[in-house]
Amino acid sequence: MSSAAVPTPVLHEQVLDWYAIAQRDLPWRSPDATPWGVFVSEVMLQQTPVARVEPVWHAWLTRWPTPADLAADAPGEAVRAWGRLGYPRRALRLHAAATAMVERHGGEVPGSHEELLDLPGVGTYTAAAVASFGFGLRATVVDTNVRRVFARLVQGRAQASPSLTRSEMDLATSLLPADADRARTWSVGVMELGALTCTARAPRCADCPVAELCAWRLAGHPAYDGPARKGQAWHGTDRQARGALLRVLREATGPVDGEDLARAWPDEPAQRDRCLDSLVADGLVEPLSGNRFRLPA
DNA sequence: CACGCGTGGCT
DNA sequence: TAGCCAAGCGT
């Protein structure tokens, strides 16, 4: 590992100074944002772009200002209010997490990395992000932006490997400022750098505050040579079918006839049945008598 | 560890 | 235009 070549204090100053002027004004970054607001934002932002999350986040926080408010409502309402953010199982997990907060944590978002990890829908990234951004604790926050920035800046590679490795976590921990408050700003700053400047497709090295230190740029921007990431198919997949079925239920005000669902995916009846079954198994759909269906009550 | 899981904007 | 990509998680 060539991390010793990067002067860490200089790196910290460059990124922190850049973040101070370049940061986007996002509502979950406001000093007024509660840990619950941060928690909701982190789950919504799992694989979904900021621009699509923002309006839905506002609607959720207005309707459910605390975990107890969400837990008191039906899980199907969470799925409906999720709208078109995608991966709607996240809405269900958010509802289940709110229920767990009421049952185990006095209605509050827990602050420790350990307790956060025990909540549904919370993995390594989200636990660290909520601990750091929601509670100001020192935590190693590694998302896809951080991985790409460090792959280029420190490792001199165009992209990070397909899956997160232990050595990447160790590298990120070694670069994390000792002070918790600086660590928090550093983490969000590196993420912001990846989101705005050190982007996946067309990095804007001319605008980069650490271009002078970047191992990838210094090496002449060598192409990625690792294993290819396999693209996701879409047309005709179960994911597309499930999305079409769930959309009908989301947009209906009450129970829906099986025949109306059939019209949402007419060409492959066997696939439709299988997907409806899987939606029920996931808890996203509740079957009623008489071939009727609804979002879970 | 590789895979399945939504959705839409951008190049 | 057809991929590529976006603050991952659970199995």
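Letters go in sequence order (proteins before strands), and every chain restarts at 1.
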Counting only pairs under 3.5 Å, give me each side-chain donor-acceptor contact of residues 242-249 of chain A, with atom names and distances, residues two or more places apart or in other chains.
from	atom 1	to	atom 2	distance (Å)
A:Arg242	NH1	A:Ser278	OG	2.7
A:Arg242	NH1	A:Asp282	OD2	3.0
A:Arg242	NH2	A:Asp282	OD2	2.8
A:Arg247	NE	A:Glu251	OE2	3.0

**Prompt:** Taking only residues two or more places apart in sequence or in another chain, which ones pass ring pair (Phe, Tyr, Trp, His ring centres under 6.0 Å) with A:Trp60?
**Reply:** A:Trp64, A:Trp82
**Asked** Which residues satisfy the side-chain hydrogen bond (donor to acceptor under 3.5 Å, both in side chains) test with A:Ser112, sequence neighbours excluded?
**Response** A:Glu115
**Item:** Dot-bracket notation for DNA chain B, counting Watson-Crick and G-U pairs under 3.5 Å, with | for partners on another strand
**Value:** .||||.|||||
**Complete:** Of all heavy-atom pairs linking A:Leu196 and A:Arg204, the shortest is O-CD, 3.8 Å
**Request:** List in numerical order all residues of residues 248-281 of chain A for which some heavy atom is under 4.0 Å away from an atom belonging to DNA chain B.
**Result:** A:Arg250
**Request:** Select base, sugar-phosphate, or nothing to describe what A:Asp238 touches, counting heavy atoms under 4.0 Å on all strands.
**Result:** sugar-phosphate
**P spacing across the pair B:dG4 / C:dA7, given as an integer number of angstrom** = 23 Å
**Request:** Would you mind telling me which residue lines up with the more 5' stretch of DNA chain C, A:Val122 or A:Arg52, judged by nearest nucleotide?
**Result:** A:Arg52
**Prompt:** Contacts to DNA chain B from residues 227-236 of chain A, heavy-atom cutoff under 4.0 Å, which residues?
**Reply:** A:Lys230, A:Gln232, A:Trp234
**Prompt:** Under a 4.0 Å N-O cut-off, is there an ion pair linking A:Asp73 with A:Arg63?
**Reply:** yes
**ring pair (Phe, Tyr, Trp, His ring centres under 6.0 Å) involving A:Trp265 - partner list, sequence neighbours excluded** = none
**Asked** Heavy-atom contacts under 4.0 Å between residues 124-136 of chain A and DNA chain C, which residues?
**Response** A:Thr124, A:Tyr125, A:Thr126
**Request:** Can you sort out the partners of A:His105 under ring pair (Phe, Tyr, Trp, His ring centres under 6.0 Å), two or more places apart, ordered by chain and number?
**Result:** none
**Prompt:** Is A:Leu26 touching bases, backbone alone, or none of the nucleic acid, heavy atoms closer than 4.0 Å?
**Reply:** base
**Message:** With heavy atoms of chain A within less than 4.0 Å as the criterion, where does contact along DNA chain C begin and end?
**Reply:** C:dG3 to C:dG10
**Message:** Tell me the closest heavy-atom pair linking A:Glu286 and A:Pro296, and the distance in Å.
**Reply:** OE1-CA, 3.4 Å
**Fill in**
Walking DNA chain B from its 5' end, the first of A:Ala244 and A:Arg93 to be reached, judged by nearest nucleotide, is A:Arg93
**Message:** Need one value for A:Arg148: base, sugar-phosphate or nothing, where a base atom within 4.0 Å counts as base even if backbone is also close, heavy atoms only.
**Reply:** sugar-phosphate
**Request:** Would you indicate what A:Arg24 reaches in the nucleic acid, counting non-hydrogen atoms under 4.0 angstrom: base, sugar-phosphate, or nothing?
**Result:** base
**Asked** With a 4.0 Å cut-off on heavy atoms, is A:Pro162 in touch with a base, just the backbone sugar-phosphate, or nothing at all?
**Response** nothing
**Message:** For a quick check of understanding: with a heavy-atom distance under 4.0 Å over all strands, which category does A:Thr199 fall into, base, sugar-phosphate or nothing?
**Reply:** nothing
**Asked** Do any of residues 28-43 of chain A sit with a heavy atom less than 4.0 Å from DNA chain C, and if so which?
**Response** A:Trp28, A:Arg29, A:Glu42
**Request:** Rounded to whole angstrom, note down the P distance from B:dC3 over to C:dC4.
**Result:** 16 Å
**Item:** For DNA chain C, the residues among residues 180-193 of chain A that have a non-hydrogen atom under 4.0 Å from it
**Value:** A:Met191
